[in-house]
Every structure is written in C-alpha cells, then in structure tokens.
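Written out below as structure tokens is the structure these notes cover.
Each ligand, and each atom within it, is numbered from 1 in the order the structure gives. Counting from 1, the numbers follow the sequence of the chain as shown.
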Amino acid sequence: MAKSPEVKVAVFGRAGVGKSALVVRLLTNRFIWEYDPTLESTYRHQASIDDEMVSMEILDTAGQEDLLQKEGHMRWGDGFVLVYDITDRRSFEDMAPLRSLLEEVRKPRHVPLVLVGNKADLEHARQVATEEGERLAADMACAFYECSACAGTAGAAGSAGTVAEAFHELCREVRRR
Ligand code: GDP
Ligand code: MG
C-alpha cells in the first residue's frame, strides 16, 4: 500500500479562542475545559479523508508568539487553520492581518487555509455574526466553519463533526495544490 500523505497543519489565533480545545476535540473527541494557554504542542493524527488515509502533523500554537516565531510556524506548515472566538470581536479582527502575514511569508505560493469561528455554543454572548465570518472567508477565498469544541452541549452548529470537517477540508485544499 502507498504511504499515506502527510500534511502539516498549523493552528493560529489569539490566546483563548479555543485552539487547544479544538485540537484535543479532533484527536480525542473529548472536550477539556482547562488547557495550559502557554503550551505549544504538536500532535499526530490520522484520518480517512475521501477514502484515503492522511497523516496530519498538527501544531497547536500558543497565540502569544512574537513575529519571528509566527513566521517560522508559517514556513513550517502546509496548511493553516485560522481560529477566532465568535464572542470576541478582537479575535476576529486578528484574522485579516494573520492572513496577510501568511501571504507575505509564503508568496508567491497559494496559501491553503480554513477560517473557523469557535465557541458557537455561546450564542448569547456572540459578537461576530455568522455573515461576517462568511464574508471574510469569501474575501480570503477559503472555507468557513462555525463550530464548538464542546460538542454535545451545543446545537447543530457546534458538533464534533464540524471540527473534523474543517481539518479535513484543509487537507483536501493542501492536496489539491
Ligand atoms: P487557546 O488559547 O486558543 O488554545 O484556547 P483554549 O483551548 O485553551 O481555550 C480557552 C478557553 O476557552 C478555555 O477555558 C476553554 O474551556 C474555552 N473554550 C474553548 N473552546 C470552547 C468552545 O467551543 N465553547 C466554549 N463554551 N468554551 C470553549
Ligand atoms: Mg492553547
């Protein structure tokens, strides 16, 4: 059997948006409430995507890196998950600058990415409308997902399936190029 393709995925977004919770959800299908916010880790994850086994190496960044570290992570990755928190407008406003930096670091290459609005279970505290996320994703020509790392407590928008779908779609996007 052919060796399964490897995709390096880096997860970006400011501290507290739920990057670690999303990665842990993807890997274990569990939600862990507290996770060391300063921790940066890489994980390996295998998934069957369109009947093909894909190995992901996932870098869960801390979100507090300086520019040099950020650029290093951007050079390392094949694809990128940009995460904001729907209850934190500032985290949404970080998205476009992150995208610009990615473009700058990776030019002239196309940058495979997906945009994720996390904490969709906290509808009552929402600061960023779904349409705003959709519009930004359209501007960036990438896929968009609203999801919740604590699936099970959330409605249709926030299922574990959506978290996996975001990562899988990113892998497809990387492999298309
Ligand atoms: P990171 O700094 O981006 O890695 O964020 P964490 O994964 O450490 O999460 C920050 C905080 O948000 C923690 O208290 C998590 O329990 C909480 N959190 C993460 N994802 C969600 C989510 O989808 N819904 C809710 N309600 N809380 C979340
Ligand atoms: Mg974290």
Contact region, Asp121 to ligand 1, non-hydrogen atoms below 4.0 Å, reads side chain

Closer than 4.0 angstrom, basic N to acidic O: yes or no for Arg44 and Glu6? yes

The option among Gln64, Lys119, Lys19, Arg14 carrying the non-hydrogen atom nearest to atom 1 (P) of ligand 1 is Lys19

Open item on the list: Is there a polar contact, in the sense of an N or O pair closer than 3.5 Å, between Gly16 and ligand 1?
Closed with: yes

query = Can an N or O of Asp60 be found at a distance shorter than 3.5 Å from an N or O of ligand 1?
reply = no

Less than 4.0 angstrom from a charged side-chain N to a carboxylate O is my criterion; do Glu132 and Arg135 meet it? no

Review point. Around Arg176, counting heavy atoms of other residues, nucleotides and ligands shown, do more than 12 lie under 6.0 Å from its CZ?
Key: yes

Near Val17 (heavy-atom distance under 4.0 Å), the atoms of ligand 1 are 3 (O), 5 (O)

- Examine Ser20 and say whether one of its N/O/S atoms is closer to the Mg ion (ligand 2) than 2.8 Å. yes

What one should report as the nearest heavy-atom pair of Val7 and Arg175 is CG2-CD, 4.2 Å

query: Are Arg172 and Glu52 ion-paired here, with the side-chain N under 4.0 Å from a carboxylate O?
result: no

Crowding at CG, Leu68 (>12 non-hydrogen neighbours, <6.0 Å):
no

In ligand 1, the atoms that come under 4.0 Å of a heavy atom of Ala149 are 20 (N), 22 (C), 23 (O)

Within the 4.0 Å heavy-atom cut-off, what Leu122 brings close to ligand 1 is side chain

Min over Ala125, Gly18, Cys150 of heavy-atom distance to atom 6 (P) of ligand 1 lands on Gly18

Within 4.0 Å of some non-hydrogen atom of Ala21, the atoms of ligand 1 are 7 (O), 19 (C), 20 (N)

**Report entry** Residue pair Ser41 / Asp60, side-chain donor-acceptor N/O under 3.5 Å
**Finding:** no

What I want to know is whether Cys147 and ligand 1 share at least one N or O pair that is separated by under 3.5 angstrom.
no

